[in-house]
Amino acid sequence: MQGVTVVDHPLVQHKLTLIRDKKRSTKSFRELLNEIGTLLCYEVTRDLPLTDVQIETPVAPMIGKEIAGKKLVFAPILRAGLSFVEGMTTLVPSARIAHIGLYRDPATFVAVEYFFKAPTDLGERTVIVIDPMLATANTAVAAIDRIKEHGAKDIRFVCLLAAPEGIERLRGHHPDVPIWTASIDEKLDEHAYIVPGLGDAGDRAYGTK
Ligand code: URA
């Protein structure tokens with residue numbers, strides 16, 4: 001599928017099976033979300049451009065590599081994006097964080113915003129929008145709308161699971177935003193849950209159900 005990368009690394013797929021299991025504890029669910037976040041961060045940053053830098057080891061001078069240009073912003077969609085982003089900041093501890101508070105109205109599934117706080121220079125940065133579940137894509141589309149209103153031009157989207165319907169909607173609204181996911185599941189059910197999915201990621205991560 002164009003613009004979509006399915007991360008099929010064995011560690012990601014193994015941990016994905018563990019986290020889907022309905023018997024998994026809240027503690028373990030959150031730990032796995034965090035760990036998979038780290039692994040997906042590795043993949044989503046794979047093509048960041050490098051530049052040469054002169055350094056000296058204790059033995060000799062050399063030309064090393066460092067990440068060039070734009071610095072990263074992670075933009076988790078609350079709540080479930082929070083445990084996911086923790087794993088990503090393990091790899092990129094200096095990344096800035098933009099918090100996007102959106103929930104989907106349980107009756108209409110429309111995204112409702114309740115919080116937005118981002119660095120002021122989004123236009124100068126690569127912004128990675130993070131939500132474990134790409135279901136209808138209403139929240140993802142709304143989050144990316146807001147990020148773009150604040151000047152971001154270079155945006156990527158990372159999720160744990162995606163429904164085909166969500167991918168189609170997100171790619172339709174924001175074809176410039178590539179997607180990374182650990183799985184494209186079968187479909188959405190009548191409550192807009194991903195099937196087979198893993199249930200409500202926020203409730204499972206924070207033990208609220
Ligand atoms: N949000 C979730 O947490 N789970 C789904 O299956 C769909 C949306």
Side-chain angles (χ1 to χ4, degrees), residues 1 4-7 12-13 15-41 44 74-88 98-116 128-147 156-174 177 179-209:
M1 216 180 272
V4 183
T5 304
V6 178
V7 180
V12 172
Q13 294 303 315
K15 288 174 191 293
L16 178 57
T17 301
L18 295 179
I19 203 171
R20 284 183 193 269
D21 187 345
K22 69 177 184 184
K23 296 202 202 89
R24 194 136 304 279
S25 69
T26 300
K27 173 176 179 285
S28 175
F29 187 93
R30 209 157 47 218
E31 285 167 358
L32 284 162
L33 200 51
N34 193 310
E35 288 168 15
I36 301 171
T38 305
L39 295 167
L40 293 188
C41 181
V44 73
F74 294 136
I77 301 176
L78 309 184
R79 293 179 290 168
L82 285 178
S83 291
F84 215 23
V85 79
E86 270 178 43
M88 302 200 183
H99 289 95
I100 308 174
L102 286 169
Y103 69 89
R104 56 175 197 168
D105 183 288
T108 62
F109 311 135
V110 168
V112 182
E113 183 181 316
Y114 61 91
F115 188 78
F116 185 91
I128 301 179
V129 179
I130 298 161
D131 190 350
M133 309 300 274
L134 181 63
T136 60
N138 287 348
T139 48
V141 167
I144 294 169
D145 284 345
R146 293 285 281 130
I147 290 276
R156 301 170 182 211
F157 184 84
V158 183
C159 59
L160 179 58
L161 297 183
E165 298 90 329
I167 291 176
E168 197 182 327
R169 178 133 197 278
L170 182 51
R171 295 288 301 157
H173 273 74
H174 295 294
V177 177
I179 300 170
W180 277 257
T181 183
S183 173
I184 302 174
D185 274 14
E186 202 184 312
K187 59 175 184 181
L188 292 179
D189 71 9
E190 64 279 18
H191 305 292
Y193 276 92
I194 298 175
V195 180
L198 50 70
D200 188 303
D203 280 338
R204 292 198 62 194
Y206 300 110
T208 44
K209 213 170 207 171

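Just so you know, residue 1 is the first one in the sequence shown, and it goes up from there. In each ligand, atom 1 is the first atom listed, and ligand 1 is the first ligand listed. From a predicted model like this one, the values you see are computed outputs, not experimental measurements.
With sequence neighbours excluded, no residue forms a salt bridge (charged side-chain N to carboxylate O under 4.0 Å, His left out) with Glu168. Not counting sequence neighbours, Arg171 has no partner by the salt bridge (charged side-chain N to carboxylate O under 4.0 Å, His left out) test. Glu86 is linked by a salt bridge (charged side-chain N to carboxylate O under 4.0 Å, His left out) to nothing, counting only residues two or more places apart in sequence or in another chain.
For Arg156 (side chain) and Val44 (main-chain N/O), a donor-acceptor pair under 3.5 Å exists by modelled atom type. A distance-only check finds no donor-acceptor pair linking the side chain of Thr181 to the backbone of Ile184 [under 3.5 Å].
Using a cut-off of 4.0 Å between Lys/Arg side-chain N and Asp/Glu carboxylate O, Lys27 and Glu31 are scored as salt-bridged.
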For ligand 1, output the ligand-protein N/O contacts shorter than 3.5 angstrom; if there are none, return none.
from: ligand 1; atom 1: 3 (O); to: Ala201; atom 2: N; distance (Å): 2.8
from: ligand 1; atom 1: 4 (N); to: Gly199; atom 2: O; distance (Å): 2.8
from: ligand 1; atom 1: 6 (O); to: Ile194; atom 2: N; distance (Å): 2.8

